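Working notes, beginning with the structure itself.
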Amino acid sequence: MAYQQSDLDKLHQSLLAVAMGAQKVRFADGRETTFQSVEAVTAAIAVVEAQIKMQANAASGVLRRRVPYYRSGL
């Protein structure tokens, strides 16, 4: 699922709303989510920020590859 900057902005707004007592957030594509605590909103913000960053890296052509290292030299 592709997140947009508007989703991230909505989460930042909902962080304030949840801190004041509100719990529901509606995203740009019509989805609605209920958050139980401020920690849940901050976790969701971290996930969306990471996804947006990954999408930007994929669009720019930056690839990260992991090369395993073994002590035996393989």
Side-chain angles (χ1 to χ4, degrees):
M1 166 175 28
Y3 289 105
Q4 302 171 358
Q5 185 63 37
S6 61
D7 292 332
L8 186 60
D9 295 338
K10 198 65 128 156
L11 280 172
H12 282 291
Q13 291 173 357
S14 67
L15 181 61
L16 295 173
V18 169
M20 296 169 132
Q23 293 181 343
K24 290 189 179 185
V25 177
R26 185 178 304 272
F27 290 100
D29 61 355
R31 292 177 291 127
E32 190 173 291
T33 303
T34 303
F35 292 106
Q36 299 299 323
S37 66
V38 174
E39 290 82 16
V41 179
T42 55
I45 288 172
V47 168
V48 171
E49 285 176 340
Q51 287 288 332
I52 290 174
K53 186 176 179 181
M54 286 174 36
Q55 291 169 8
N57 287 343
S60 68
V62 175
L63 296 176
R64 287 187 70 181
R65 296 184 185 191
R66 294 181 182 224
V67 178
Y69 172 76
Y70 301 102
R71 285 190 270 171
S72 64
L74 291 176

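Values reported hereafter were calculated over all heavy atoms of this structure, with side chains retained and with hydrogens, waters and symmetry mates removed. Fair warning: this is a prediction, and the values are worked out from it, not measured in the lab.
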**OP:** Output all residues satisfying salt bridge (charged side-chain N to carboxylate O under 4.0 Å, His left out) with E32, sequence neighbours left out; order by chain, then residue number.
**Re:** K24, R26
Original post:
Should D7 and R31 count as side-chain neighbours, where that means a heavy-atom distance under 4.5 Å?
Top reply: yes
Subject >> same_hphob_cluster(L16, L11) at 4.5 Å side-chain heavy-atom cutoff >> reply: no
Original post:
How close do L15 and T42 get, heavy atom to heavy atom, and via which atoms?
Top reply: CD1-CG2, 3.9 Å
Subject >> D9 vs Q5, side chain to side chain donor-acceptor pair (under 3.5 Å): CA-CA, chis, key distance, verdict >> reply: CA-CA 6 Å; D9 295 338; Q5 185 63 37; 3.2 Å; yes
Subject >> Nearest non-hydrogen partners of I52 and Q4, listed with the distance >> reply: CD1-O, 3.7 Å
Subject >> Considering all heavy atoms, the nearest Q51-Y3 contact >> reply: CB-CD1, 3.6 Å
Subject >> Closest approach of V41 to S14 (non-hydrogen atoms, all atoms of both residues) >> reply: CG1-OG, 3.8 Å
